[in-house]
Amino acid sequence: MKLAYWMYAGPAHIGTLRVASSFKNVHAIMHAPLGDDYFNVMRSMLERERDFTPVTASIVDRHVLARGSQEKVVENITRKDKEDNPDLILLTPTCTSSILQEDLQNFVNRAGLDSKADVILADVNHYRVNELQAADRTLEQIIRFYLEKARNRGELDTVKTEKPSANILGVFTLGFHNQHDCRELKRLLNDLGINVNEILPEGGLVNNIKNLPKAWFNLVPYREVGLMAADYLKAEFNMPYVSVTPMGLLDTENCIREIIQIIKTNNPEYNFDFNSYIDEQTRFVSQAAWFSRSIDCQNLTGKKAVVFGDATHAASMTKILAREMGIRVSCSGTYCKHDADWFREQVDGFCDEVLITDDHTQVADMIARIEPAAIFGTQMERHIGKRLDIPCGVISAPVHIQNFPLGFRPFLGYEGTNQIADLVYNSFTLGMEDHLLEIFGGHDTKEVITKSLSTEADLVWTPEALAELQRIPGFVRGKIKRNTEKFARDKNFTEITLEVMFAAKEAVGA
């Protein structure tokens with residue numbers, strides 16, 4: 001663990017709560033001190049939920065510490081069981097309350113004696129895993145629990161559905177455009193003549209988990225959540241799964257071909273003309289292929305971009321930019337350090353360098369060094385881009401509320417390719433646009449701010465130097481300012497005057 005004032009992936013209990021609150025009729029009890037209970041507000045605000053988030057905080061305070069937590073935790077579990085009548089109550093500590101080293105499994109066992117609902121303890125090491133790893137583990141744990149429960153009761157039906165069917169695993173609350181992606185995936189499967197058996201955890205019922213083995217295969221659109229469950233189902237029930245993320249034209253086609261191969265293995269008589277379907281969708285539903293050949297996209301050829309996000313979206317976006325749009329990816333990176341090997345394999349040959357880190361200051365320094373024409377990242381990269389006057393398109397969580405749109409905006413499937421093409425094109429500042437902004441006063445409506453990413457305000461610009469900086473065209477002003485500041489620091493100047501600006505200009509041969 002380390003102290004940080006901003007994180008790409010939150011603590012483990014957030015991942016557990018995201019999975020629990022995605023299911024229908026599941027309630028989570030969070031054993032935590034005040035300050036750790038911000039999840040309810042965050043989810044209700046971002047997802048614009050009409051119902052209260054089904055999470056209750058069992059607060060650890062000085063009174064609880066004096067007499068022990070068991071009585072209060074058990075009381076909260078049994079109270080919620082009577083009030084809400086849930087199918088499952090999931091207890092999770094936070095990394096803070098885990099310090100107490102209490103026997104929470106004993107709390108769960110005792111509460112289970114007086115509860116109609118199933119009561120389980122989240123099996124997550126809060127000091128070793130982050131939010132995404134914990135979410136993946138929690139989903140697998142819940143699925144395993146209910147399949148074993150159904151097997152012990154003799155209620156497990158493993159007979160496959162008559163028509164081809166699939167489970168979609170890993171769509172859950174607070175995911176990046178997950179709800180929209182799920183809708184597009186259902187459309188895609190329906191076009192292929194495949195029924196959706198179950199979708200977990202988003203909107204799923206734990207009592208329907210016993211139906212999972214009836215599907216022909218599992219579809220895992222995001223690597224971050226769902227792979228552990230898919231691996232378990234494959235090992236236990238010999239269920240194949242497709243983990244190719246259908247993002248971009250080429251990977252959507254690859255995903256479809258893997259699905260078709262599984263279906264034909266189980267049903268050789270399946271005769272869907274998927275080649276014609278792919279051709280039709282590529283030419284008429286998706287506009288991305290046409291856009292990549294248009295003069296608009298050709299104007300972007302060779303422009304530098306930086307990509308950073310979770311492993312799934314960053315890898316997919318890197319491949320789309322490089323091989324589908326001809327844009328040079330100077331650096332591609334992810335904060336999913338646990339998936340670094342897979343990420344490097346995916347982006348190999350599609351970018352100049354790879355950055356694996358969960359430290360946003362390293363990402364900021366990399367962007368400042370490369371000075372790309374556009375950034376594609378998380379909300380943090382958008383903040384970095386604003387400080388550097390570099391446009392940023394958001395392609396991955398964590399995100400602000402504007403990336404929970406009310407309209408239909410998938411990033412997966414053929415409709416998703418249109419959204420991505422729009423995002424890419426609109427993220428680059430075009431020459432004519434910048435020229436018009438200069439003419440009509442769109443730039444510099446306020447005083448120029450420092451574009452240094454250092455937290456030390458060690459340089460002072462004189463009014464004359466700032467006035468000269470204002471006269472420089474906006475699309476190169478940030479670069480000139482950073483070069484001047486770098487020159488001044490190298491020469492140990494504390495004040496930037498007109499003479500220092502001209503000396504910096506001469507030093508770079510401009």
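Below, all heavy atoms of this structure are taken into account, side chains as well, without hydrogens, waters or symmetry copies. Fair warning: this is a prediction, and the values are worked out from it, not measured in the lab.
- For the pair Arg283 and Asp279, the salt-bridge criterion is met [side-chain N within less than 4.0 Å of a carboxylate O].
- Side chain of Asn40 to backbone of Val55: a donor-acceptor contact under 3.5 angstrom is found.
- Between the side chain of Ser165 and the backbone N or O of Thr161 there is no donor-acceptor pair closer than 3.5 Å.
- Thr252 places a side-chain N or O within donor-acceptor distance of the main-chain N or O of Pro246, the cut-off being under 3.5 Å.
- With Glu47 contributing its side chain and Leu174 its backbone, the two residues share a donor-acceptor pair below 3.5 Å.
- With hydrogens and angles left out, the side-chain atoms of Asp231 and Tyr241 include a donor and acceptor closer than 3.5 Å.
- Glu224 places no side-chain N or O within 3.5 Å of a backbone atom of Gln133 that could act as its donor or acceptor partner.
- Of the possible donor and acceptor atoms, none in the side chain of Asp181 sits under 3.5 Å from a partner among the backbone N and O of Gln179.
- A side chain to side chain donor-acceptor pair (under 3.5 Å) with Asn275 is found for one member of Glu253, Glu280, Arg257 and no other, namely Arg257.
- Residues Glu353 and Arg369 are paired through a salt bridge, judged by an N-O separation under 4.0 Å between the basic side chain and the carboxylate.
- A donor-acceptor contact under 3.5 angstrom links the side chains of Thr138 and Thr16, judged on distance only.
- The pair Lys214-Glu198 fails the salt-bridge criterion, with no side-chain N (NZ, NE, NH1 or NH2) lying under 4.0 Å from an Asp/Glu carboxylate O.
- For the residue pair Glu381/Thr378, the side-chain donor-acceptor check at 3.5 Å is satisfied.
- Minimum interatomic distance between Ser330 and Asp352 (heavy atoms only, all atoms of both residues): O-CB, 3.2 Å.
- With hydrogens and angles ignored, the 3.5 Å screen pairs a side-chain donor or acceptor of Glu131 with a backbone N or O of Gly10.
- A donor-acceptor pair under 3.5 Å is formed between the side chain of Lys160 and the backbone N or O of Ala215.
- In terms of modelled atom types and a separation under 3.5 Å, the side chain of Glu184 and the main chain of Phe411 share no donor-acceptor contact.
- Between the side chains of Asp191 and Tyr277, at least one donor-acceptor pair of N or O atoms lies under 3.5 Å.
- Judged by distance alone, the side chains of Arg223 and Thr245 never bring a donor and an acceptor atom under 3.5 Å apart.
- Aromatic pair His177/His313: ring centres not closer than 6.0 Å.
- Between His180 and Phe408, the ring planes lie tilted relative to each other; the angle falls in the 30° to 60° range.
- Residue Tyr8 is tested with Val363, Thr357, Thr334, Asp310 for a side chain to side chain contact (heavy atoms under 4.5 Å, CB included); the sole match is Val363.
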